[in-house]
Amino acid sequence: MKNNTMRQTMIDAINDYYDRLESNDSPKTYIPATTENYEFIKELSIPKAGRNLEEMVNVLHDDVFPYRIDGEHPRSLAFVPSPVSDVSKLGDIITTLYNPNAAGWFSAPIVAQIHQELIRWFCGRVGYGESSGGVFVSGGSLANLTCIIAARNDKLPIDEIHKGVAYVSEQAHHSVNKALRMIGIPDTRIRKVETDENMRMIPESLDALVQEDKKSGLIPFVAIATSGTTNAGTIDPLEDLSRICKKHNLWFHVDGAFGASILASDTNKRLLKGIEEADSVIWDAHKWLYQTYTCAVALVKNQQTLLNSFSDNPSYLKDAASGQVQSWDLGPELSRSALGVKLWLTMQVLGTDTFAKNIDYSVGMAKKMESIVLNTKNWEIVTHASLGMLTFAYRDSRFSDEQMDKFHSSICNSITNDGIATVLTTEIHGRKVVRICTISPDVTVEDLELTMSELNKRMQSLIA
Ligand SMILES: *Cc1c(COP(=O)(O)O)cnc(C)c1O
């Protein structure tokens, strides 16, 4: 499988990628695929006889990967496509070349050491002590599942699963509901805790719901807060929620998939005060720590809770086990890529100060965007800049709510499909609004002004 032609093809592929990037003066944020693009791939089908390597590599360059939302474009302002460090890409490529199995210490000991160092760093930023731990997983969804399994095993006796109740806010990410269903908690026992006008979970409402469920003989076992929410970057009141959870012996989980990265910043980490009280936290590195897909961690205050849930000690792994805590004992997966190595390389090369600086910059740019919106006639802020995210909308009383919703969808589709900026809508208090996420470290004030003026131009032509 290895020969010099292959080596050259690999090197050429990297060169071709950068050549294409550099020769493109005005890269689009998005290139939608056409019918011909789909047909071309269908016609290639899955062949019985092999095709020429170079030709097929060119197919990837020309016919597959151009059609995507470019998350690295500074005007990729829709949540979630993430900006990526080239150092992470390089780490990913090298990791793929060696292709270690990061299942445990035996198969790749120094990779395991690196993963342990990183887990200590993540736990340290959360404010966890020595008994904490965690595991690398592919993304926030699997990380939520991992923590919610630990919650169930810790707080809900297995023969009483049919009585278990979970508490989320209506702003929780859908992966949380999915995870709860997967562990056997149906929608009828997932309570949506009321939120305030800023869409933060109301601790007193959680308290009241838990008391009610206890009275009816049910077993409340987990409450899930989000910091920040996918919709608006909102941060649930972590300190107060953790107090209610302690009072009722609930597992307190914080979904920080996107927002936990603020903990990398000494200036801004106070925004998540109280997160150190959580029993578990998830954190995606492929969102706001500039990593390629996929890279996330599930963290727990007490590592033993993961071991209780996932450790099994099968006979065929006994030789490999060697008394150390193995990744395969801390989560649902066995074989896996060394997800943390690219992050480790990025941290080694850039230093965590660079991460902090970039994150603080993004927080500031969302505030800048807020003032740009306010300076544009008839536009108003719906949710204020929080964790690099904000939502806003056009107000014109001549049109019905339904019409205004359509206009908002239409301007976002149009600016995205034209490849000028990737901007999507979301729904806040039942109304469609524009959502902007300024987490690219390369986004400039000019980018934001251009985006606002293009959105406004499109809106004006619709209402004219
Ligand atoms: C993105 C996100 C998730 C899901 O993470 P994936 O890595 O896409 O699986 C979960 N929760 C929140 C709050 C998110 O923003």
Side-chain angles (χ1 to χ4, degrees), residues 68-69 71 76-84 88 92 122 126 134-149 151 166-183 190 192-193 195 199-201 222-236 238 241 252-263 271-272 275 278 280-299 331-333 336-337 339-340 342-343 359 362 366 383 386-391 422 424 426-428 435-439:
R68 72 191 199 288
I69 285 181
S76 191
L77 300 167
F79 192 62
V80 127
S82 65
V84 174
S88 173
D92 213 348
F122 280 111
V126 168
V135 64
F136 274 89
V137 291
S138 57
S141 304
L142 194 57
N144 273 331
L145 178 63
T146 304
C147 294
I148 287 168
I149 289 171
Y167 303 82
V168 303
S169 91
E170 70 234 8
Q171 295 295 320
H173 192 266
H174 70 95
S175 62
V176 165
N177 294 328
K178 259 190 344 198
L180 287 167
R181 266 181 238 142
M182 283 191 267
I183 64 157
I190 303 176
K192 299 270 152 87
V193 181
T195 50
M199 295 183 311
R200 290 154 43 99
M201 209 192 266
V222 66
I224 296 152
T226 316
S227 66
T229 60
T230 318
N231 257 347
T234 314
I235 304 163
D236 282 325
L238 304 179
L241 291 170
F252 183 39
H253 174 63
V254 175
D255 178 351
F258 152 64
S261 291
I262 202 75
L263 296 169
L271 293 170
L272 299 198
I275 197 167
S280 55
V281 171
I282 72 150
W283 188 340
D284 272 5
H286 65 212
K287 279 194 179 151
W288 205 3
L289 288 180
Y290 315 109
Q291 298 305 298
T292 59
Y293 298 117
T294 58
C295 192
V297 288
L299 307 170
E333 294 172 293
R336 74 194 70 182
S337 161
L339 296 170
K342 58 195 177 187
L343 174 62
I359 287 165
S362 299
T383 57
S386 176
L387 298 177
M389 205 188 292
L390 77 157
T391 65
T422 311
L424 299 176
T426 188
E427 277 174 32
I428 305 274
R435 175 180 51 178
I436 289 254
C437 187
T438 58
I439 67 174

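In this chain, residues are counted from 1 in sequence order. In each ligand, atom 1 is the first atom listed, and ligand 1 is the first ligand listed.
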Requested in this report: Looking only at distances, please establish whether an N/O atom of ligand 1 is found under 3.5 Å from an N/O atom of Thr229.
Outcome: no
Query raised in the report: So is Ile282 polar-close to ligand 1, meaning N/O to N/O under 3.5 Å?
Result: no
**Report entry** With sequence neighbours excluded, residues passing salt bridge (charged side-chain N to carboxylate O under 4.0 Å, His left out) with Glu427
**Finding:**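 For Glu427, the residues satisfying salt bridge (charged side-chain N to carboxylate O under 4.0 Å, His left out) (neighbours in sequence not counted) are Lys432.
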Report task. Kindly indicate, with the supporting measurements, whether the criterion side-chain hydrogen bond (donor to acceptor under 3.5 Å, both in side chains) is fulfilled by Ser280 and His253. Result -> CA-CA 5 Å; Ser280 55; His253 174 63; 2.8 Å; yes
Of all the atoms in ligand 1, which lie at a distance below 4.0 Å from a heavy atom belonging to [X]?
X	value
Ser175	10 (C)
Asp255	10 (C), 11 (N), 12 (C), 13 (C)
Ala257	2 (C), 3 (C), 10 (C), 11 (N), 12 (C), 14 (C)
Asp284	5 (O), 6 (P), 7 (O)
Lys287	1 (C), 2 (C), 3 (C), 4 (C), 5 (O), 14 (C), 15 (O)
Gly139	7 (O), 9 (O)
Ser141	4 (C), 5 (O), 6 (P), 9 (O)
Thr230	12 (C), 13 (C), 14 (C), 15 (O)

Determine yes or no for a side-chain-to-main-chain donor-acceptor pair under 3.5 angstrom, with [X] supplying the side chain and [Y] the backbone.
X	Y	answer
Thr438	Gly388	yes
Arg435	Ala78	no
Thr226	Ala172	no

Query raised in the report: Listed by chain and number, what are the side chain to side chain donor-acceptor pair (under 3.5 Å) partners of Thr229, not counting sequence neighbours?
Result: Thr234
Query raised in the report: For Ser141 and Lys178, does a side-chain donor sit closer than 3.5 Å to a side-chain acceptor?
Result: no
